[in-house]
Novice: 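Dropping a structure here in structure tokens format, bear with me for questions.
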Amino acid sequence: VKNEDDTCMPLVTLSHVMCAIREGMPMKMYGEIRELPQMARVVLCVAVSLSEIWGPAIMTISILKKYCHQAFLQRIMDEWGLENFPYLIQLLVDSSLLIADDDDQFSAYDMNAKLKSGVHLDDIEISFGRSLLEEGGFYYDLVKYIKRECPHPPCQ
């Protein structure tokens with residue numbers, strides 16, 4: 001039974017839910033993600049997108065850079081981001097948002113160094129207050145492309 005008052009009630013959207021979770025469970029990580037430089041966010045989102053497909057698999061820096069190059073081609077990442085890729089990787093590792101496989105020997109300049117995501121897609125979405133995998137968006141298309149071209153790691 002629908003009351004007349006029901007039409008005046010606001011609709012709760014996914015962004016409202018994410019905002020409520022973020023505010024209700026204050027976590028340092030959410031703030032760190034929001035405060036990252038834009039290019040570091042892109043690298044993190046690409047890494048998390050790869051993790052969505054491959055699970056907790058370990059990826060090399062070269063694989064991550066290969067897919068970040070797609071972001072560059074789509075004008076989501078600028079030339080500065082690609083030129084300073086080791087800096088962005090080190091920033092994300094230092095923040096524990098990416099985890100180095102061999103922490104003692106890790107170098108962000110070593111293209112064969114292995115990484116895995118330190119966060120989940122939900123963490124990113126809650127931090128940004130929106131879904132990354134919206135149909136037609138870059139990350140949605142990236143995930144679709146990887147599922148089609150490289151469904152199992154490692155692909156180089």
Novice: Write down the atom of M59, the atom of A47, and the distance for their closest heavy-atom approach.
Specialist: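 Answer, listing the atom of M59 first, then A47: CE-O, 3.7 Å.
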Novice: Between NE2 of H120 and OG of S51, what distance do you get to the nearest 0.5 Å?
Specialist: 9.0 Å
Novice: Can you hop from L121 to I33 via hydrophobic side chains spaced under 4.5 Å?
Specialist: yes
Novice: Rounded to the nearest 0.5 Å, how far apart are CD of E52 and OG of S117?
Specialist: 9.0 Å
Novice: Taking atom CD of Q38 and atom CG of L88, what is their separation to the nearest 0.5 Å?
Specialist: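 Those atoms lie 11.0 Å apart.
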Novice: How long is the straight-line distance from CD of E125 back to SG of C45, given to the nearest 0.5 Å?
Specialist: 9.0 Å
Novice: First locate atom CE of M111, then atom NZ of K66, and finally report the distance between them rounded to the nearest 0.5 Å.
Specialist: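 With rounding to 0.5 Å, CE (M111) is 14.5 Å from NZ (K66).
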Novice: For S107, is there any backbone N or O sitting under 3.5 Å from a side-chain donor or acceptor partner on D110?
Specialist: no
Novice: Surrounding NZ of K114 (heavy atoms of other residues, nucleotides or ligands, distance under 6.0 Å), is the total greater than 12?
Specialist: no
Novice: Can you name the nearest heavy-atom pair linking A40 to L92, along with the distance?
Specialist: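 Closest heavy-atom pair between A40 and L92: O-CD1, 3.7 Å.
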Novice: Under the side chain to side chain contact (heavy atoms under 4.5 Å, CB included) rule, collect the residues that match up with D102, sequence neighbours excluded.
Specialist: D104, Q105
Novice: Can you tell me how far CD1 of I61 sits from CZ of F106, rounded to the nearest 0.5 angstrom?
Specialist: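 Rounded to the nearest 0.5 Å, the CZ-CD1 separation comes to 4.0 Å.
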Novice: Can you tell which of D101, I58, V93 makes a side chain to side chain contact (heavy atoms under 4.5 Å, CB included) with L115?
Specialist: V93
Novice: Quick one, I89 and L64 - any side-chain contact, counting heavy atoms below 4.5 Å?
Specialist: yes
Novice: Are the side chain of S95 and the backbone of L97 linked by a donor-acceptor contact shorter than 3.5 Å?
Specialist: no
Novice: Honestly curious: do I99 and I124 fall in one hydrophobic cluster under the side-chain, below-4.5 Å linking rule?
Specialist: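 Different clusters: I99 never reaches I124 through Ile, Leu, Val, Met, Phe, Trp or Tyr contacts under 4.5 Å.
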